[in-house]
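Each ligand, and each atom within it, is numbered from 1 in the order the structure gives. Values below: every heavy atom of this structure, side chains too, minus hydrogens, waters and symmetry copies.
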Amino acid sequence: MTQPTFLIVDDQKSIANLLKQELKARSSLPIKICHTLSEVHSFLESGAPVEVALCDLNLPDAPKGEVLKLLLKEHITTVVFSASFNEKKRNDHIYRKVADFVLKDNPAAINYAVDTMLNLHKNPRRQIWLLSTNQSRFSQRLINMLYLQRYQVTSFEQPSRIRKHLKTQKPDMILLEDSSHIDPNELFNLINDIRQQYNSNQLPMMACEPVEHIELALKMMKYGVNDFFNTSFTPEEFYVRLKQNIELSESYREIEYISRRDSLTNLFNRRHFFERGETLFKQWKTAQKPFFTLMIDIDHFKKVNDTYGHQKGDEVIVYVAQSLQTHFSYNLVARFGGEEFCVFGELNSHDELAGNCEALRQQIETESKASVGLPVTISLGLCTHGNSLEHAIMQADNALYTAKETGRNRLSKCSKTK
Ligand SMILES: Nc1nc2c(ncn2[C@@H]2O[C@H](COP(=O)(O)OP(=O)(O)OP(=O)(O)O)[C@@H](O)[C@H]2O)c(=O)[nH]1
């Protein structure tokens, strides 16, 4: 299938090239530049799908915005990049179908135009839930604007429907439209319930209220809504605030993701292991569910570094980490540091667990040479009890020590009396 293309239409070659350079640095999608209407015609006739188009309004062979009309006729998501644009123009019938406008009035506009195109490229993967109890013309306008920007939109008439869906799904944004139609108790309970589940960085919410309901909007913000805009907003204001709130939340999620991971192996790090492990330990103890703790250490790893170099040592660590993650994909797997790893999981069957440990040990023993170019073995210490997570880890570590002492490349289980 042909990859969709970013289309840049501008008769100023230097600007078109700057846009292309900036886009190329930030996306792998193909980019096509056209300087005239006839070039745009030929490109569209070639049948190449266009992801997003950025288009200047006046070209030498199309001085009256004919390119824009052509792109919109072909249902192509289009951003207007023009030196002359004002609010009056925005209300013209044709411009209502434009996804966004970027004013070509300073060098920073290049960056912003590219940013806008990349966002429109990402938006089909962003979910927006709209709570609109009165289904007014205004809510229809909101929905149309969201579609123009290619967001995935789901509309809800009842707070209870949002609650139900949140049990299994999570959107990127919840928009609450004209909430004065909802019973205040129900409204604030919904906001409260959402905030119990997700903080304002994890799931942003925005309220859209008529200016006469500003007090309600402010109260909603106090209870956990991130931002508010009044119903007389311009499309630009709406888009820019929506984008900023979503991007802020995405950056937060990215930082949260990185803070939990070990940068070499991408396994969870020790800090997250204890955070999540403590919660699981309490849950399983309360429910009297059996669990296991497994410590794994690469044998004679110092020799690997000394003989093959630190970089090869890193490759071996990554290889063992990936094998471990594959064998224990349903469990909490972490790199504890150096060449040591830990797994914490629910125990379904002793035999199955022992079989899984043995399969991992054997795979590394027999396949490491082919995978990383040198033979590697691991030792494993297993414990299926413990008064606390730390106690369980200590017991597994003792078993690992026994495995090392008794010849390495083996699994040792701790006895319950220790
Ligand atoms: N390449 C690499 N080496 C690391 C990393 N972290 C720790 N090490 C090295 O891992 C080695 C661990 O060695 P030791 O604790 O002596 O254990 P060992 O050689 O594996 O011996 P046994 O565990 O007794 O089988 C040290 O040489 C550390 O420098 C890392 O991120 N990358």
Side-chain angles (χ1 to χ4, degrees), residues 254-278 292-329 331-345 353-386 389-415 418:
E254 206 175 307
I255 291 168
E256 200 176 48
Y257 178 89
I258 291 168
S259 75
R260 289 176 176 168
R261 303 276 164 174
D262 163 54
S263 58
L264 178 65
T265 60
N266 210 33
L267 290 185
F268 286 126
N269 57 27
R270 193 186 177 99
R271 191 176 67 86
H272 179 71
F273 178 91
F274 277 100
E275 220 172 83
R276 181 78 191 124
E278 291 289 1
F292 71 89
T293 315
L294 180 66
M295 292 293 296
I296 300 104
D297 189 281
I298 306 172
D299 295 328
H300 297 305
F301 187 66
K302 189 172 177 308
K303 264 195 214 153
V304 173
N305 274 337
D306 292 348
T307 315
Y308 300 90
H310 209 268
Q311 201 177 333
K312 185 51 94 178
D314 281 359
E315 257 180 64
V316 170
I317 291 176
V318 172
Y319 164 68
V320 171
Q322 285 169 349
S323 310
L324 190 55
Q325 183 68 67
T326 310
H327 279 81
F328 291 91
S329 56
N331 308 119
L332 182 62
V333 180
R335 181 182 178 205
F336 255 32
E339 21 63 279
E340 195 174 52
F341 305 89
C342 190
V343 183
F344 185 55
L353 176 61
N356 209 9
C357 291
E358 181 55 18
L360 171 70
R361 189 202 62 74
Q362 263 186 33
Q363 186 216 304
I364 289 178
E365 182 183 22
T366 56
E367 294 176 15
S368 53
K369 183 131 191 354
S371 298
V372 280
L374 64 139
V376 175
T377 60
I378 55 165
S379 296
L380 307 95
L382 177 63
C383 170
T384 53
H385 64 277
L389 180 62
E390 251 176 82
H391 180 233
I393 291 169
M394 202 179 78
Q395 299 290 305
D397 214 23
N398 288 342
L400 174 62
Y401 182 76
T402 307
K404 291 272 183 187
E405 287 292 288
T406 50
R408 295 182 173 77
N409 189 23
R410 69 194 57 211
L411 169 71
S412 168
K413 296 177 194 170
C414 75
S415 64
K418 276 188 193 171

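- For N331, the side chain to side chain contact (heavy atoms under 4.5 Å, CB included) partners at least two apart in sequence or on another chain are F292, F328, V343.
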For residues 369-378, which side-chain N or O atoms pair as donor and acceptor with protein atoms under 3.5 Å away, sequence neighbours left out?
from	atom 1	to	atom 2	distance (Å)
S371	OG	E367	O	3.1
T377	OG1	D299	OD2	2.7

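- Protein residues with a heavy atom closer than 4.0 Å to ligand 1 are D297, I298, D299, H300, F301, K302, N305, H310, G313, D314, I317, R335, G338, E339, K404, R408, listed by chain and number.
- Judged by the 6.0 Å and 45° rule, R260 forms no cation-pi pair with F268.
- Taking 4.5 Å as the limit, every side-chain heavy atom of L411 sits out of range of all side-chain heavy atoms of R361.
- A 4.5 Å side-chain heavy-atom check between L380 and L360 finds at least one atom pair inside the cut-off.
- Among residues two or more places apart in sequence or in another chain, the side chain to side chain donor-acceptor pair (under 3.5 Å) test is passed with D397 by none.
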